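Computed from a predicted structure; not experimentally measured. Values below: every heavy atom of this structure, side chains too, minus hydrogens, waters and symmetry copies. The chains referred to below are lettered A, B, ... by the order of the sequence lines, with proteins before strands, and numbering in each begins at 1.
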2 protein chains.
Amino acid sequence: MTDPDLSRRIRDAGGRVTTARLAVLRCLADADEPLTPDEVLEHLARNSDHVPDRVTIYRAIDWLAVHGLVRRLATVGRAARYEPVEDREAHAHFQCRRCAQTRCLPAPTPPLPPLPPGYAAERIELVIHGLCAACRAGDTP
Amino acid sequence: MTDPDLSRRIRDAGGRVTTARLAVLRCLADADEPLTPDEVLEHLARNSDHVPDRVTIYRAIDWLAVHGLVRRLATVGRAARYEPVEDREAHAHFQCRRCAQTRCLPAPTPPLPPLPPGYAAERIELVIHGLCAACRAGDTP
DNA sequence: GTTAAAAATGCAATAAAATGGCAAAAAGGA
DNA sequence: TCCTTTTTGCCATTTTATTGCATTTTTAAC
Ligand SMILES: [Mn+2]
Ligand SMILES: [Mn+2]
Ligand SMILES: [Zn+2]
Ligand SMILES: [Zn+2]
């Protein structure tokens, strides 16, 4: 997705198109797996000249999440992980219990199970826990 | 599950049966939804005479998790949530985006989707995000 | 029941991840 | 360019979790 596209999505969501927001969204859109705020910061530190403050990253991600441009995933780790909301929707994720890598899977999300009365579902998430190829090839279990 | 049963499970896992471990496991087994370490502490503070230190709770939960007696769930919230590993297995969970309540659902976990080569799955988790009945009945969306 | 070794706990310090307040800076429209 | 509003940077603080170490508890052997 091109920068003008991303800018447009931010503007359409009713916010100002700032360097930080654009860079964060760009970063998440370019990544092929969900990132933590700190990972976003590292990426920007490596590939950008102006590096936003850590707090700014948090706020940019928050804003993007609240306005539906990115999504926060359920994780077993301590840090939150985010991915862009794009065409490709409703896919499962793999989480390695050793290296904490979180990877998108081709598998679509299963159908909505029945809920207790009064409950309203908005999103379904399927998380597969296990060992990634690298960690399995490596040493300890 | 009775206390002797729980003690036995701890001993069978190769650990010492301590007041703290037993109380924590008891607490999680009695709760009808997954709890955070702090919630466990609150429960024990209310229902127990000797209240273990917060760090002891963390260590007891860790030990129980490592030895397969409890399980840490994937969450969107900041605090981890744990539930006992019992007969009833492989069920989905509902997470309210407003009150952060996490509730067990009757729905079984869906079948394992295909994984990339070399990856090994160990557990599947299905998380339904939305609004619980109480929060939906309440005020703001 | 005593005793000794090993394991677990309490307490204080520290770390990791995230949030809040506020003045300065940037964005966007007039 | 100027003005208003939004966003940012910095610092302090909060929340959640972890580490180090002396003390206590557990358990098995006697
Ligand atoms: Mn994904
Ligand atoms: Mn459950
Ligand atoms: Zn891995
Ligand atoms: Zn709720």
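- Rounded to a whole Å, the CH2 atom of B:Trp63 is 21 Å from the C1' atom of D:dT19.
- Atom CG of B:Asp53 is separated from atom C1' of D:dT16 by 14 Å (rounded to the nearest Å).
- The side chain of A:Thr56 sits closest to D:dG9 out of D:dA17, C:dA18, D:dG9.
- Atom CD1 in A:Ile57 sits about 9 Å away from atom P in D:dG9, given to the nearest Å.
- Comparing the local axis fitted to the first five base pairs of the helix from C:dG1-D:dC30 to C:dA30-D:dT1 with the one fitted to its last five gives a bend of 40°, rounded to 10°.
- Look at B:Arg81 and B:Glu39 and you find a salt bridge, because one of the NZ, NE, NH1 or NH2 atoms lies within 4.0 Å of a carboxylate O, short of that distance.
- You won't find any donor-acceptor pair under 3.5 Å spanning the side chain of B:Arg78 and the base of D:dT16, going by distance alone.
- As a whole-Å value, the separation of B:Asp38 CG from D:dT14 C1' is 13 Å.
- If you check the side chains of B:Glu125 and A:His129, you find a donor sitting under 3.5 Å from an acceptor.
- Whole-Å rounding puts the B:Ile61 CD1 to D:dT16 C1' distance at 12 Å.
- Nucleic acid contact class of A:Ala20 (heavy atoms, under 4.0 Å, all strands): sugar-phosphate only.
- A:Ser48 places no side-chain N or O within donor-acceptor distance of the main-chain N or O of A:Val51, the cut-off being under 3.5 Å.
- Residue B:Tyr58 has a polar side-chain atom (N or O) positioned under 4.0 Å from OP1 or OP2 of D:dA17.
- Listed for the B:Arg103 side chain is no donor-acceptor partner under 3.5 Å among the backbone atoms of B:Glu33.
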Reading nucleotides 21-30 of chain C 5' to 3', which nucleotides get B (base under 4.0 Å from a protein heavy atom), which S (sugar-phosphate only), which -? B----BBS--
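- A donor-acceptor pair under 3.5 Å is absent between the side-chain atoms of A:Arg54 and the main chain of A:Leu41, judged by distance alone.
- In this structure, A:Arg72 contributes its side chain and B:Val76 its backbone to a donor-acceptor pair below 3.5 Å.
- Residues passing the side-chain contact (heavy atoms from CB on, under 4.5 Å) test with B:Ala29, sequence neighbours excluded: B:Glu86.
- Across the protein-nucleic acid pair, A:Arg72 atom CZ and C:dT19 atom C1' stand 13 Å apart, rounded to whole Å.
- Residue order along DNA chain D, read from the 5' end via each residue's closest nucleotide, puts A:His50 first among A:His50 and B:Asp62.
- B:Ala60 comes within 4.0 angstrom of no nucleic acid atom, judged by non-hydrogen atoms across all strands.
- In this structure, CG of B:Leu41 is placed 15 Å from P of D:dT15, rounded to the nearest angstrom.
- Separating the CZ atom of A:Arg54 from the C1' atom of C:dG20 is a distance of 17 Å, rounded to the nearest angstrom.
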